[in-house]
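A quick write-up on the structure given underneath.
On a predicted model such as this, the values are computed, not experimentally measured, just so you know.
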Amino acid sequence: MDILSNMYKNNDLYRLAKSRAIKTRNKYGLRSGPVNVPVFDFLEAEGCFVITLDLGRTSATGMYIKKDANKLVLVHKKRVLGQQNFTAIHELSHVLFDETELFDVCLPEHYYKRDKKEILADMFAAHFLMPEEDIINECEEFKFIGKREIILLSIKYRVTFIAMALRLYVLGKIPNEDFEKYKKQSSRGKLGLKKFCLEEGLDPSAFSTPDDSYISESYFRLLINVYHKANISRSVLIDYYIKPLEEELQLNLDYLVKFADDSYPEEVGWDDL
């Protein structure tokens with residue numbers, strides 16, 4: 001039997017977001033509880049190229065660009081894993097449910113006046129990563145919900161502390177004053193999340209920035225395919241596509257050029273045309 005929060009009963013967008021999240025989790029064969037597979041997989045399953053990129057000193061956490069059949073999701077490389085996960089699923093909402101061509105910049109809610117699509121995308125991400133019934137049931141195991149309990153839930157569900165705190169506040173499990181206190185501590189870097197993980201022997205990855213950049217393998221396959229069809233030259237492949245990626249993402253892609261060269265198809269003779 002479904003557990004229905006007051007927000008579910010009183011907010012149309014919240015109900016729609018929950019319905020979409022349930023259907024999408026079912027589509028990907030996800031059981032109840034945390035999403036324990038890389039979230040970029042879901043975007044790639046929908047034909048998106050995904051790249052983690054340093055977006056500089058900006059409040060933006062990610063972008064989604066759709067033009068014709070081409071779909072690109074950029075996720076801010078300098079954000080912690082929990083934020084990258086939420087941003088990716090926020091953009092997944094746009095990919096799945098916004099049909100028109102789109103240029104979306106994902107920003108925290110207090111930075112701009114959000115429209116219906118942005119509110120839905122945030123609610124979808126919350127439902128997808130932190131399902132309502134699961135979080136409510138988790139709370140039944142606690143006698144008290146303080147910072148320690150929120151940290152434990154954040155680690156389990158691979159989201160930021162503030163995302164989980166907001167979820168608990170929306171579900172009526174912590175009071176507004178607690179959420180506002182945590183939000184203020186977070187903005188000042190006073191939550192001590194990594195220190196807690198170190199002392200408790202817990203995985204701090206949700207609160208840490210991944211060391212490595214990410215770029216979809218399908219993007220490399222596209223580049224190689226275009227090169228092999230002689231739509232771009234070797235010099236263009238290297239100077240305009242490979243080198244900028246190496247510089248921006250701090251990667252060594254020599255192996256990719258070698259593979260592209262080694263697998264280059266034999267020249268087709270006129271008699272074969």
Side-chain angles (χ1 to χ4, degrees), residues 7-8 13-53 55 59-66 71-99 102-109 111 114-135 138 153-168 170-171 205-210 214-216:
M7 176 69 87
Y8 182 91
L13 292 183
Y14 188 90
R15 287 196 297 274
L16 176 58
K18 180 175 180 178
S19 174
R20 288 179 171 183
I22 290 172
K23 290 178 181 177
T24 305
R25 283 179 66 107
N26 289 338
K27 174 183 178 180
Y28 298 134
L30 297 175
R31 298 181 178 181
S32 61
V35 176
N36 290 320
V37 297
V39 297
F40 293 165
D41 289 358
F42 306 125
L43 287 165
E44 291 173 344
E46 302 302 329
C48 294
F49 299 124
V50 183
I51 300 175
T52 57
L53 192 68
L55 299 177
S59 54
T61 61
M63 297 180 186
Y64 170 49
I65 304 165
K66 180 182 179 182
K71 294 178 282 188
L72 172 66
V73 172
L74 301 177
V75 177
H76 201 328
K77 177 184 174 183
K78 297 299 184 180
R79 297 291 188 256
V80 299
L81 178 63
Q83 180 64 69
Q84 290 189 16
N85 288 342
F86 194 93
T87 297
I89 302 304
H90 171 104
E91 302 301 2
L92 180 63
S93 176
H94 292 307
V95 171
L96 292 173
F97 303 109
D98 299 331
E99 297 294 333
L102 185 67
F103 178 82
D104 173 67
V105 179
C106 184
L107 292 165
E109 61 180 77
Y111 278 94
R114 299 187 302 163
D115 62 16
K116 178 181 176 181
K117 289 181 180 179
E118 296 305 312
I119 295 171
L120 268 171
D122 272 356
M123 288 182 172
F124 174 86
H127 281 298
F128 189 93
L129 294 170
M130 300 168 282
E132 187 168 76
E133 286 81 8
D134 293 323
I135 298 302
E138 295 271 12
L153 288 173
S154 302
I155 293 170
K156 183 173 182 178
Y157 285 82
R158 300 171 70 226
V159 296
T160 63
F161 178 93
I162 290 301
M164 182 57 71
L166 177 58
R167 192 70 169 132
L168 293 171
V170 166
L171 295 176
S205 60
F207 313 127
S208 304
T209 303
Y214 183 90
I215 181 165
S216 296

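The two residues Leu72 and Ile51 have their closest heavy-atom pair at CD1-CD1, 4.1 Å. When all heavy atoms are compared, the tightest approach of Met123 to Ala17 is CB-CB, 3.5 Å. When all heavy atoms of Thr61 and Arg79 are compared, the closest pair comes out as CG2-NE, 3.7 Å. Contact detail for Met164 and Ile135: the closest heavy-atom pair is CE-CD1, 4.0 Å. Between Lys116 and Leu13, the shortest heavy-atom contact is CE-CD2, 3.6 Å. Considering all non-hydrogen atoms of both residues, Cys48 and Val95 come closest at SG-CG2, 3.6 Å.
Residues that satisfy the ring pair (Phe, Tyr, Trp, His ring centres under 6.0 Å) test with Phe207, not counting sequence neighbours, are absent from this structure. Scored by the side-chain contact (heavy atoms from CB on, under 4.5 Å) test, Thr52 finds Phe40, Val75, Lys77, Gln84, Ser213, Tyr214 as partners (sequence neighbours excluded). By the side-chain contact (heavy atoms from CB on, under 4.5 Å) test, Ala121 pairs with His90, Ser93, His94, sequence neighbours left out. Residues meeting the ring pair (Phe, Tyr, Trp, His ring centres under 6.0 Å) test with Phe128, sequence neighbours left out: Phe42, Phe124. In this view, Val80 and Gln83, Thr160, Thr209 satisfy the side-chain contact (heavy atoms from CB on, under 4.5 Å) rule, not counting sequence neighbours.
Contact of the Leu153 side chain with the Glu138 side chain is registered, since non-hydrogen atoms from C-beta on lie closer than 4.5 Å. For the pair Met130 and Val159, the minimum side-chain heavy-atom distance is below 4.5 Å. Considering only heavy atoms from C-beta on, Leu129 comes within 4.5 Å of Phe86 through its side chain. Leu92 is not listed as a side-chain neighbour of Tyr64, based on a closest heavy-atom distance of 4.5 Å or more.
In this structure, the separation between NE2 on His127 and CG on Asp122 is 11.0 Å, given to the nearest 0.5 Å. The structure places CG of Asn36 at 9.0 Å from CG of Leu30, a figure rounded to the nearest 0.5 Å. Interatomic distance, Ser32 OG to Ile22 CD1, rounded to the nearest 0.5 Å: 11.5 Å. Here the straight-line distance linking atom CD1 of Ile89 with atom CG of Leu43 works out to 6.0 Å at 0.5 Å rounding.
In this structure, the side chain of Arg158 engages the main chain of Val35 through a donor-acceptor pair within 3.5 Å. Distance alone, capped at 3.5 Å, places no donor-acceptor pair between the Asp134 side chain and the Pro34 backbone.
Look at Lys18 and Glu133 and you find a salt bridge, because one of the NZ, NE, NH1 or NH2 atoms lies within 4.0 Å of a carboxylate O, short of that distance.
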* Output, in order, the C-alpha distance, side-chain angles, deciding distance and verdict of side-chain contact (heavy atoms from CB on, under 4.5 Å) for Met63 and His76. => CA-CA 8 Å; Met63 297 180 186; His76 201 328; over 6 Å; no
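A salt bridge (charged side-chain N to carboxylate O under 4.0 Å, His left out) check over residues 19-48, counting only residues at least two apart or in different chains, returns the pairs Lys27-Glu46.
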